[in-house]
Structures are given as structure tokens and as C-alpha cells.
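Quick note on labels: first sequence line is chain A, next is B, and so on, each numbered from 1. As the structure is a prediction and not an experimental result, all values here were calculated from the model. Only heavy atoms go into these numbers, but all of them, side chains included; no hydrogens, no water, no symmetry mates.
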Protein chains: 2
Amino acid sequence: MTPQREMIFRAFFELGEHVTVAELYRKVCEKNPAVGYSTVWRNLKLICKVGLAEEVNLGDGVTRYDRITRQPHGHLYCLQCKKLTEFEMNSITDLLDLAAKQYDFAVEGVKVEISGYCRSCRKMNERLAKDGRTN
Amino acid sequence: MTPQREMIFRAFFELGEHVTVAELYRKVCEKNPAVGYSTVWRNLKLICKVGLAEEVNLGDGVTRYDRITRQPHGHLYCLQCKKLTEFEMNSITDLLDLAAKQYDFAVEGVKVEISGYCRSCRKMNERLAKDGRTN
DNA sequence: TTGAAATTGAAAACCGATTTCATTTGACCG
DNA sequence: CGGTCAAATGAAATCGGTTTTCAATTTCAA
């Protein structure tokens with residue numbers, strides 16, 4: 001266990017969910033600017049390999065890393081502000097397991113992503129639309 | 001409507017689901033090798049923009065394009081043979097809509113991916129394991 | 001303490017996605 | 001029919017995140 005590794009692991013768990021390599025790298029640099037980007041990347045991969053996190057891919061070009069929590073959860077991804085919100089998914093996983101069983105498929109992981117528009121972005125859009133009309 | 005565009009649209013719908021840009025490009029080149037890769041890419045994007053397909057991201061580095069079908073469906077992704085299988089998802093989307101509603105989230109799209117091991121890969125692994133033991 | 005194995009940092013390589021730009025083409029209007 | 005102009009194309013360059021390379025350093029067990 002090198003000091004870099006310890007620092008990276010700590011920083012990862014201090015940060016919230018959905019961490020990117022760049023974010024973690026920035027965080028680690030605050031403590032020790034000498035740590036290399038590739039070291040951060042490799043240790044993030046390691047965290048996944050030992051089962052403490054998993055990669056999340058939203059198709060926006062960057063890989064995020066999610067702590068693996070006791071509760072399976074899905075993601076609400078706002079297409080406008082890009083914010084990621086989690087929702088609990090207990091009842092849904094049962095259904096998914098059932099679906100997989102029909103194909104004799106051994107489930108390792110489940111990813112559910114709902115994309116759309118969050119409340120605050122919709123409100124903002126409504127306001128902007130109104131302003132637009134009155135001008 | 002240019003001949004390239006028509007050819008690309010046709011080819012996309014002739015190919016099965018989960019098409020990559022490279023696959024479509026190859027397919028189009030069979031008919032007309034003069035068509036450029038970027039044209040294929042741009043038209044694939046266009047197909048998405050007009051609502052005939054959507055991007056699928058499995059985190060393996062390449063973007064796939066799925067025809068939008070009447071039925072919402074999820075994906076079974078075999079971690080070993082990389083094969084993608086679809087499963088019908090009517091009852092599940094109801095639950096997901098419900099979950100989104102609790103966050104006052106306006107749903108645009110839903111993606112469900114189950115990763116794991118398909119039947120045939122598991123069978124093969126069993127066979128290999130047995131062979132290993134008897135040697 | 002010592003040597004093998006693991007880890008690190010900097011830089012380069014990689015690779016799919018996307019953009020640039022000069023050129024061609026299609027659609028529309030008179 | 002021309003003429004024109006916006007849209008589309010093809011080749012090549014660029015972009016940006018990911019991953020690898022490699023020499024130097026560090027860890028750790030014996």
C-alpha cells in the first residue's frame with residue numbers, strides 16, 4: 001500500500017458518487033500535486049477490480065465511477081443540466097431478474113438509466129419561454 | 001435527398017440492431033466505396049435526430065445505434081462473448097415511470113442493461129473446467 | 001539489508017468521435 | 001432549361017478521454 005494509493009482511495013470515498021478520473025485527480029492534487037494522472041486512473045481501475053466501485057457510462061464521453069452500495073439504484077440523467085440523481089430500485093431488480101431468467105442468463109450487474117429533464121430545468125424553461133413571448 | 005443518404009438509410013435498416021458506425025460504413029462501402037466515413041457518421045446521427053434510432057452505450061468504447069421499435073426493450077450483454085440480446089420491457093417501464101414521477105422528472109428515454117453470462121458461455125466454461133480437472 | 005515484484009510519473013500512443021474546409025450536389029425559382 | 005444558394009459530401013485533421021510504455025522508485029518479504 002503506497003501513500004499515493006491510500007490517498008487516492010480516501011479521496012474517492014470522500015467524493016460523492018459518479019466521480020470521473022479528472023475530478024478525482026483534481027481532488028488528489030489538492031493534497032499532493034506530485035501524484036500522476038495515470039496513477040489516479042490505475043487506482044480507480046483497481047477500486048473497481050476489487051469490487052468497491054463500478055464504471056458508469058452515460059454516453060457523454062466520460063466514464064464515471066460509482067461506489068457499490070448495498071442498495072441497487074438507477075440513474076436519472078438530466079439532458080439539460082447533466083445532473084445525475086439516484087433512485088432506489090429494489091422492486092425493479094426483481095422484475096429484471098425474472099426477465100433474465102427467461103433467457104437463462106446469469107446476471108452480474110444491472111444498469112438502469114432514465115434520461116429526461118429534471119424539475120428545475122423544466123421550470124427554468126417555462127420561465128424563459130414566457131419571457132420570450134412578452135418581449 | 002442525396003444518393004449517399006438514401007444508400008446509408010437503406011443499409012442501416014437492412015442491418016440488424018446494435019449497428020456501429022464502422023459496421024455501417026463497411027456495409028455501405030460494399031455498394032459504393034466512394035462514400036466517406038464521415039458521411040456515414042453524419043447520416044447515422046441524422047437518423048437519430050429524426051427519431052428513427054437511438055444511441056446505445058455499453059461502456060466498451062463504441063457507440064451502437066438501435067432502431068427505435070414500437071416496443072421498449074432492454075439489453076442482455078454477455079461479458080464473455082459480447083453478444084447483445086433484447087428482452088421486452090413493458091411491465092418494467094411502468095415501474096420506472098413511477099420512480100421518475102417521484103422525482104418530478106420528465107422521462108425522455110429509458111435504458112436498461114443487464115450484464116452477465118449467457119447460457120452458451122456458461123456451458124462452455126463448465127466444459128472447460130471439467131476438462132481442466134481431468135487433465 | 002537485499003533483491004524481486006509492484007508501483008509510480010511523465011509522456012506518448014491509442015482510437016473512436018467529431019470538426020474543418022474545399023468542393024460538389026440538389027432543390028428551387030424565375 | 002440556366003443560375004444560385006444552401007445543404008451535403010469526402011478527405012484529412014483534430015479532439016479528448018483512455019490506456020500503455022518505460023525508466024525510475026518504492027514496497028515488502030525473506
Given atom [atom1] of [X] and atom [atom2] of [N], what is their separation to the nearest angstrom?
X	N	atom1	atom2	result
B:N32	D:dG10	CG	C1'	11 Å
B:I8	D:dA8	CD1	C1'	10 Å
A:K45	D:dT20	NZ	C1'	13 Å
B:M7	D:dA8	CE	C1'	15 Å

Check whether the side chains of A:N125 and A:Q80 place a donor and an acceptor atom closer than 3.5 Å, and report yes or no.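 There is such a pair between these side chains.
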
Considering heavy-atom distances to DNA chain D, does B:R5 or B:P33 have its closest nucleotide positioned more toward the 5' end?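 Mapping each residue to its closest nucleotide by heavy atoms, the 5'-most match is B:R5.
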
Which residue lies more 5' along DNA chain D, comparing B:Y25 with A:Y37 via nearest heavy atoms: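 Upstream on the strand: B:Y25.
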
What distance separates A:N32 CG from A:M7 CE, expressed to the nearest 0.5 Å?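 Rounded to the nearest 0.5 Å, the CG-CE separation comes to 5.0 Å.
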
Who passes salt bridge (charged side-chain N to carboxylate O under 4.0 Å, His left out) against B:R64, sequence neighbours left out?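 Result, salt bridge (charged side-chain N to carboxylate O under 4.0 Å, His left out) vs B:R64: B:D60.
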
Those residues that, when tested against B:K45, pass salt bridge (charged side-chain N to carboxylate O under 4.0 Å, His left out) (two or more places apart):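 B:K45 satisfies salt bridge (charged side-chain N to carboxylate O under 4.0 Å, His left out) with B:E55 once adjacent residues are dropped.
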
Hey, does [Y] have a side-chain heavy atom less than 4.5 Å from the side chain of [X]?
X	Y	answer
A:D66	A:H18	yes
A:D94	A:L98	no
B:T63	B:V21	no
A:Y65	A:E54	no
A:E17	A:L84	no

Close residues, residues 76-84 of chain A, relative to DNA chain C [heavy-atom separation under 4.0 Å]: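 Here the set is empty: none.
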
Contact state string [nucleotides 21-30 of chain D, B base, S sugar-phosphate only, - no protein heavy atom under 4.0 Å]: B-----SS--

Output the single nucleotide from D:dG10, D:dT19, D:dT18 whose closest atom is nearest the side chain of B:V35.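 Of D:dG10, D:dT19, D:dT18, D:dG10 is nearest to the side chain of B:V35.
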
Who passes ring pair (Phe, Tyr, Trp, His ring centres under 6.0 Å) against [X], sequence neighbours left out?
X	answer
A:Y103	none
B:F87	none
A:F13	none

Mind jotting down which residue pairs meet the side chain to side chain donor-acceptor pair (under 3.5 Å) criterion with at least one end in residues 111-124 of chain B? Sequence neighbours excluded, please.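 Qualifying pairs: A:D104-B:R119, A:D104-B:R122.
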
What residue pairs, at least two apart or across chains, pass side chain to side chain donor-acceptor pair (under 3.5 Å) with a residue in residues 19-30 of chain B?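 Applying side chain to side chain donor-acceptor pair (under 3.5 Å) to every pair that reaches into residues 19-30 of chain B, excluding sequence neighbours, yields nothing.
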
Which heavy atom of A:I114 sits nearest to which heavy atom of B:F105, and what is that distance?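 Between these two residues, the closest heavy atoms are O-CE2, 3.8 Å.
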
Those residues of residues 48-62 of chain A lying under 4.0 Å from DNA chain D by at least one heavy atom: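 Residues of residues 48-62 of chain A under 4.0 Å from DNA chain D: A:G61, A:V62.
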
Rounded to 10°, tell me the angle between the two end axes of the helix from C:dT1-D:dA30 to C:dG30-D:dC1, each built from five pairs.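 Terminal axis comparison yields 30°.
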
Give one of base, sugar-phosphate or nothing for A:T63, where a contact means two heavy atoms less than 4.0 Å apart.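 The answer is sugar-phosphate, as A:T63 gets under 4.0 Å only of primed atoms, P, OP1 or OP2.
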
Under 4.0 Å, heavy atoms only, any strand: does B:A34 hit a base, just the sugar-phosphate, or nothing?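 Answer is sugar-phosphate: B:A34 comes under 4.0 Å of backbone atoms only.
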
B:R10/B:E14 salt bridge by N-O under 4.0 Å criterion: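 The answer is no: the pair does not qualify as a salt bridge.
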
What are the bounds, 5' to 3', of the part of DNA chain C that sits under 4.0 Å from heavy atoms of chain A?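 Terminal contacting nucleotides, 5' to 3': C:dT7 to C:dA10.
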
